[in-house]
Protein chains: 4
Amino acid sequence: MTEREDLLVGNFPIVPKQKRAQQKRKALLESGRILFIDKGYEQTTAKDIAAHAGVATGTFYRYFSDKRQLLMSLLEDRIEEFFPPEPSWSTPDPVSLLAKMLEEHGKRLNKLGLHRVLQELLPKDPELAEAISAARRKIQTRIYSGLKQAFEKGWTWKDLDFDTVSWSIMTLVENAHEKEVQGGGHVDYYQLAKVICRMVFPPEVHKE
Amino acid sequence: MTEREDLLVGNFPIVPKQKRAQQKRKALLESGRILFIDKGYEQTTAKDIAAHAGVATGTFYRYFSDKRQLLMSLLEDRIEEFFPPEPSWSTPDPVSLLAKMLEEHGKRLNKLGLHRVLQELLPKDPELAEAISAARRKIQTRIYSGLKQAFEKGWTWKDLDFDTVSWSIMTLVENAHEKEVQGGGHVDYYQLAKVICRMVFPPEVHKE
Amino acid sequence: MTEREDLLVGNFPIVPKQKRAQQKRKALLESGRILFIDKGYEQTTAKDIAAHAGVATGTFYRYFSDKRQLLMSLLEDRIEEFFPPEPSWSTPDPVSLLAKMLEEHGKRLNKLGLHRVLQELLPKDPELAEAISAARRKIQTRIYSGLKQAFEKGWTWKDLDFDTVSWSIMTLVENAHEKEVQGGGHVDYYQLAKVICRMVFPPEVHKE
Amino acid sequence: MTEREDLLVGNFPIVPKQKRAQQKRKALLESGRILFIDKGYEQTTAKDIAAHAGVATGTFYRYFSDKRQLLMSLLEDRIEEFFPPEPSWSTPDPVSLLAKMLEEHGKRLNKLGLHRVLQELLPKDPELAEAISAARRKIQTRIYSGLKQAFEKGWTWKDLDFDTVSWSIMTLVENAHEKEVQGGGHVDYYQLAKVICRMVFPPEVHKE
DNA sequence: CATGAATGAGCTTTCATTCAT
DNA sequence: GATGAATGAAAGCTCATTCAT
């Protein structure tokens with residue numbers, strides 16, 4: 001991760017040591033986050049962010065080399081938060097556990113709020129796209145191995161296609177959050193968890 | 001749909017009558033499509049499109065009032081193509097049929113290629129977002145009633161949550177295409193179809 | 001006048017001989033006049049004029065080298081109409097005669113309607129400005145000599161300043177029309193004529 | 001007037017506080033004035049003005065929302081200066097006083113120099129036209145009542161038409177300045193004053 | 001001759017970024 | 001360090017004029 005982060009964020013203005021400066025930096029980050037979410041990345045200008053943070057335009061550039069870098073800093077170490085943790089299957093009630101996890105993940109994404117902004121950027125920023133892609137692959141790999149373990153314990157469908165199923169789980173989990181945002185009715189996380197479990201386990205295992 | 005489409009596209013420069021002009025218009029549309037896909041919507045300028053089509057900037061504005069309208073023309077009457085047809089369950093081999101449908105849908109999307117562009121635009125263009133949303137709702141409604149019929153015939157899980165499952169199917173189908181694009185290996189449409197069927201039918205029905 | 005006109009109009013497209021062509025030319029002139037008056041010179045495009053005249057854009061340029069030349073043709077031989085004829089003083093009732101002349105001049109200007117357009121152009125077109133200026137000088141000279149004759153007959157004030165008075169008459173007459181247009185109440189031409197006569201004749205002459 | 005002025009000028013970029021900025025603003029205003037007078041309003045671009053003021057294009061837009069607003073700032077609180085003060089008749093030597101007033105007004109107009117520019121704008125800018133019109137009405141009303149007072153004191157012609165005469169005075173005074181500009185020889189303000197007085201007073205009053 | 005599509009210079013305006021104070 | 005005025009490249013769009021048909 002570290003290498004990738006460095007790549008993304010660059011090492012431009014050394015994170016300043018003073019308290020004051022730290023506060024300004026934080027204010028800028030927070031203003032950036034708010035405005036990006038509110039108006040979109042492209043529609044938000046450096047001037048806007050500076051004004052919202054109560055500093056001068058020029059100050060923006062003391063802390064960030066440009067708008068992109070601010071966004072990257074916002075994302076720093078958090079890209080993984082955009083993706084769900086791997087579900088745990090070795091539990092008496094995987095459906096409830098999964099439901100809970102889904103809900104928490106949804107909340108986390110809503111709190112970050114940058115989901116949309118990322119989508120806006122992907123076409124323009126191959127580097128970011130690659131970072132996202134890497135994070136996604138990483139998670140999917142974890143899900144994959146989780147599935148494999150469950151398989152080895154004989155819990156899953158015998159013909160489980162790890163690849164397809166792990167991808168399906170990822171996809172549903174990632175999009176559950178969007179569904180909620182779009183106001184297309186709230187997601188019933190429990191039902192979704194059930195559906196996911198059906199993709200993985202044959203019915204007889206459920207009773208276990 | 002037709003009314004909404006008209007709304008989106010407007011009736012700006014009447015589609016010209018001459019052959020030549022038609023060719024230029026087509027060239028512009030095609031150049032727009034290529035550049036939008038290649039560089040993203042925001043990064044593509046009217047000038048770029050004109051240059052790529054081998055015409056002068058002003059010519060662009062003969063045929064389209066602006067970039068957005070070109071995109072809308074590109075989308076005209078095609079919004080529904082972005083969404084899958086509803087799967088049919090009443091068939092001897094729903095998995096294969098579904099797999100075939102998924103593949104065809106993926107091909108169609110790849111041919112259009114505008115999937116990403118749409119995503120870039122959605123946050124900024126509420127009108128488009130609404131059109132997309134309507135199309136999506138329409139399809140999902142169809143899937144929903146398909147499920148209901150299957151349920152009434154007693155084929156599905158007894159506790160099927162139509163809403164959650166129809167949404168899950170939509171989501172997987174919509175994203176299958178993306179998986180392919182991202183180069184994460186080809187999608188195994190057959191496996192995906194199997195997973196979807198497992199969300200819907202209990203195993204004993206599969207044998208039927 | 002001829003030389004000046006040639007200067008203004010240029011000798012670009014030889015006035016065409018055919019009837020058809022003549023009609024198109026006239027239609028263009030008339031459309032130009034209407035649109036110039038309605039929207040102003042700058043706001044009217046060659047395309048507008050052609051469309052209004054029911055011909056193609058290119059046709060415009062067959063008859064006129066450009067927008068300016070159309071305007072000049074509109075003005076051709078008419079610049080003098082923008083200015084009043086010299087008043088005649090040797091008449092039993094100069095006030096009534098003058099009043100009548102003022103009214104007729106006002107009507108003529110309203111009919112042409114290009115007064116405003118000229119004003120719009122003067123700053124940009126020194127050549128036109130010069131032509132206007134020359135025409136004005138010409139009229140003023142006539143008024144001047146009319147006054148001189150009246151003076152020599154002993155009718156006017158003994159200390160009449162020909163220059164000032166002829167200029168004043170010109171100015172009032174030229175602006176009377178504008179007053180009417182601006183809707184600042186109709187001009188009472190008879191009262192205006194009386195005022196002008198008082199500038200010229202002492203009261204005892206009036207009784208004559 | 002103040003309200004109307006505020007309306008015209010808007011309150012776009014708050015007049016900046018720093019000295020430097022004030023200078024740039026002034027430089028832009030002055031450059032605008034010069035170029036408007038020299039080339040006309042329409043022929044002058046924002047870029048021209050910026051270049052003439054020695055600043056970048058973008059700087060223009062820091063201080064003015066557009067060309068029009070610059071002109072409006074140039075006019076701010078000055079519209080009345082374009083019109084003469086009302087003449088005073090109750091004085092031992094109204095002719096000389098009037099002559100002096102005319103000359104001063106002429107000088108003031110020449111200093112502003114924007115007379116022509118206004119004329120260019122009037123047809124296109126109804127708001128400005130209304131402001132001008134209001135100012136003109138105001139002055140004319142004052143002249144009107146001045147005449148009425150003189151009439152009541154028995155100084156004027158018995159059949160004085162206040163309306164026509166006040167309009168005539170306005171018109172002559174407004175245009176006197178133009179005469180000078182057009183290089184038709186300097187205006188003899190004294191002679192003009194005499195002419196105006198003859199419009200108002202019968203000869204026997206002059207001796208008083 | 002007529003047509004109207006095509007051209008491209010040029011105008012307005014915005015905004016990321018710099019730099020004098 | 002902080003400030004915010006200044007910069008100028010670049011985007012969107014218009015329109016006088018040309019030219020292939």
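A note on names: the letters A, B, ... follow the listed sequences, proteins ahead of strands, and every chain is numbered from 1.
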Whole-Å distance, C:L71 CG to F:dA16 C1', equals 16 Å
Quick one: B:Q69 CD to F:dC13 C1', roughly how many Å, whole number?
14 Å
Quick one: side-chain hydrogen bond (donor to acceptor under 3.5 Å, both in side chains) partners of A:T44, sequence neighbours excluded?
none
Under the salt bridge (Lys or Arg N to Asp or Glu O under 4.0 Å) rule, collect the residues that match up with C:K124, sequence neighbours excluded.
C:E42, C:E120
In whole Å, I'd like the distance from the CD atom of A:Q23 to the P atom of F:dG1.
14 Å
Canonical and wobble pairing (Watson-Crick, G-U, under 3.5 Å) of DNA chain E, dot-bracket with |
.||||||||||||||||||||
Where each residue is assigned the nucleotide of DNA chain E containing its nearest heavy atom, which of A:T57 and C:F60 is assigned the position nearer the 5′ end?
C:F60
Whole-Å distance separating the CG atom of A:L35 from the P atom of E:dA16:
12 Å
Quick one: B:L28 CG to E:dT7 C1', roughly how many Å, whole number?
14 Å
Can you work out whether D:G58 or C:K67 has the more 5'-proximal nearest nucleotide on DNA chain F?
D:G58
Close approaches to DNA chain E from residues 39-48 of chain C, in residue order (heavy atom, under 4.0 Å):
none
side-chain hydrogen bond (donor to acceptor under 3.5 Å, both in side chains) against C:E30, all qualifying residues, sequence neighbours excluded
C:R33
Who are the side-chain contact (heavy atoms from CB on, under 4.5 Å) partners of B:T57, not counting sequence neighbours?
B:K47, B:Y61
Listed partners of D:K39 passing salt bridge (Lys or Arg N to Asp or Glu O under 4.0 Å), at least two apart:
D:D48
Here the distance between atom C1' of F:dG8 and atom OH of D:Y61, to the nearest Å, is 13 Å
Keeping to residues at least two apart or across chains, list the ring pair (Phe, Tyr, Trp, His ring centres under 6.0 Å) pairs with something in residues 113-133 of chain C.
C:H115-C:H177
As a test of reading the structure: which of E:dT3, E:dT13, F:dT17 is closest to the side chain of C:K24, going by heavy atoms?
E:dT3
Considering only heavy side-chain atoms of C:T59, the closest of E:dA6, F:dC13, E:dA2 is E:dA2
B:R25 CZ to E:dG4 C1', in whole Å, measures 17 Å
Given side chains that start at C-beta, do those of A:I49 and A:F60 come closer than 4.5 Å, heavy atoms only?
yes
Is A:Y63 near enough to F:dA2 that one of its side-chain N or O atoms lies under 4.0 angstrom from OP1 or OP2?
yes
C:F64 CZ to F:dT17 C1', straight-line distance once rounded to whole Å:
16 Å
Polar side-chain atom of B:K67 near backbone of B:Y41 as donor-acceptor pair, under 3.5 Å:
yes
Return the set of residues passing side-chain contact (heavy atoms from CB on, under 4.5 Å) with B:L118 (not counting sequence neighbours), or none when no residue passes.
B:L75, B:F82, B:L128, B:I132
